[in-house]
Amino acid sequence: MKNLVGIDKVSAEKLIKELNTLLADYELFYQNLRGLHWNIIGKEFFELHLKFEELYKDAFNKIDQIAERILTLEGEPLHAYSDYLEIAEIQEEKNIVDGKEGIEIVVRNFGTLIDKERQILTIASNASDEGTVALMSNYISETEKTLWMLNSYLR
């Protein structure tokens, strides 16, 4: 049996579960970025304050896209922080003021996200879910470029 967009319901359920985990990770990532944006200090304040803002705005947009994809697959996106904290791999970060440490956290968080995106890409590809494949492919491409830039910054 298939759902409204033609994806096998069993495959769609698996994708919904994985997308909800990605959603939870992005929610924690978003809040980590907000904290870094607000609390960063030091010589690189102006540069990093803007970069963290750019990153949290992008994460905010991805959160909405992931939730809408879950709805498209006929699922229900998680929307409570208690649910996010229960399933997210990304850990919340508190009181980070050092720029280098902040960038290292972002790199680590992006590593978690890209691993999850690749897993979802494989599942979606096997389910012939081109909508989710396209979404994950775009995220992976963007994340790879951002990781390259952030790692260059750390050198």
ask   = Does the salt bridge (charged side-chain N to carboxylate O under 4.0 Å, His left out) test come out yes or no for K17 and E13, once each step is laid out?
value = CA-CA 6 Å; K17 181 180 180 205; E13 285 300 318; over 6 Å; no

request  = Please state whether the rings of Y30 and F60 are parallel, tilted or perpendicular, taking 30° and 60° as the class boundaries.
outcome  = tilted

D115 vs E89, side chain to side chain contact (heavy atoms under 4.5 Å, CB included): CA-CA, chis, key distance, verdict = CA-CA 11 Å; D115 286 346; E89 271 186 65; over 6 Å; no

ask   = In Å, rounded to the nearest 0.5 Å, how long is the span from NZ of K116 to OG1 of T21?
value = 4.5 Å

message = If you define the side chain from C-beta out and look only at heavy atoms, does anything of L154 sit under 4.5 Å from K100?
response = yes

Nearest-0.5 Å distance, CD of residue E68 to OG1 of residue T72 = 7.0 Å

message = I'd like to know if E104 pairs up with R108 as an ion pair, taking the criterion as any Lys NZ or Arg NE/NH1/NH2 lying under 4.0 Å from an Asp or Glu carboxylate oxygen.
response = no

task = For E117 and K62, run salt bridge (charged side-chain N to carboxylate O under 4.0 Å, His left out): C-alpha distance rounded to whole Å, both residues' side-chain angles, the deciding distance at 0.1 Å, then the answer.
result = CA-CA 12 Å; E117 291 161 356; K62 285 183 169 88; over 6 Å; no

query = Can you find a heavy atom in the side chain of D8 that is under 4.5 Å from one in the side chain of M1?
reply = no

request  = Quick one: closest heavy-atom pair of I70 and P77, and the distance?
outcome  = CG2-N, 3.6 Å

request  = Kindly work out whether a path of hydrophobic side-chain contacts (I/L/V/M/F/W/Y, heavy atoms less than 4.5 Å apart) joins L55 to L50.
outcome  = no

Any L36 side-chain heavy atom under 4.5 Å of L48 side chain = no

inquiry  = Show, in sequence, the C-alpha distance, side-chain angles and deciding distance for D129 and L73, and conclude whether the side chain to side chain contact (heavy atoms under 4.5 Å, CB included) test is met.
reply    = CA-CA 10 Å; D129 177 1; L73 293 172; 3.7 Å; yes

message = I'd like to know if E18 pairs up with K14 as an ion pair, taking the criterion as any Lys NZ or Arg NE/NH1/NH2 lying under 4.0 Å from an Asp or Glu carboxylate oxygen.
response = no

ask   = Run the side chain to side chain contact (heavy atoms under 4.5 Å, CB included) check on Y139 and I114 step by step: do they pass?
value = CA-CA 8 Å; Y139 289 5; I114 202 167; over 6 Å; no

inquiry  = I need the N32 CG to H37 NE2 distance, nearest 0.5 Å.
reply    = 14.5 Å

inquiry  = Looking at every non-hydrogen atom in both residues, tell me the closest pair between I87 and A24 and how far apart they are.
reply    = CG1-CB, 3.7 Å

request  = For a side chain to side chain contact (heavy atoms under 4.5 Å, CB included) with Y84, tell me which candidate from I90, L28, N20 qualifies.
outcome  = L28

request  = For F45 and I40, work out which heavy atoms get closest and say how close.
outcome  = CD1-O, 3.1 Å

query = N39 versus N95: any side-chain heavy-atom pair under 4.5 Å?
reply = no

query = Is I96 reachable from F46 through a run of hydrophobic residues whose side-chain heavy atoms are each under 4.5 Å from the next?
reply = yes

message = With a 3.5 Å distance limit and no angle check, can you tell me whether S125 reaches the backbone of L121 through a side-chain donor-acceptor pair?
response = no

query = So which of I7, V5, N3 actually passes side chain to side chain contact (heavy atoms under 4.5 Å, CB included) with E74?
reply = N3

query = Do you know the tightest heavy-atom contact between A127 and L15?
reply = CB-CD1, 4.3 Å

key: Contact check, side chains of F52 and I103, non-hydrogen atoms, under 4.5 Å   = yes

key: Shortest non-hydrogen contact from L85 toward E92   = CD2-OE1, 4.4 Å

task = Output the distance between atom CG (L71) and atom CG (L19), rounded to the nearest 0.5 Å.
result = 11.0 Å

request  = Test side chain to side chain contact (heavy atoms under 4.5 Å, CB included) on V106 and Y153 and set out the steps.
outcome  = CA-CA 12 Å; V106 171; Y153 178 88; over 6 Å; no

query = How far does CD of E27 sit from CD1 of I63, to the nearest 0.5 angstrom?
reply = 4.0 Å

message = Using side-chain heavy atoms (C-beta onward) and a distance below 4.5 Å, is N109 in contact with L33?
response = no

I105 and Q91, any side-chain heavy atoms less than 4.5 Å apart = no

query = In Å, rounded to the nearest 0.5 Å, how long is the span from CG of D98 to CD of E44?
reply = 8.5 Å

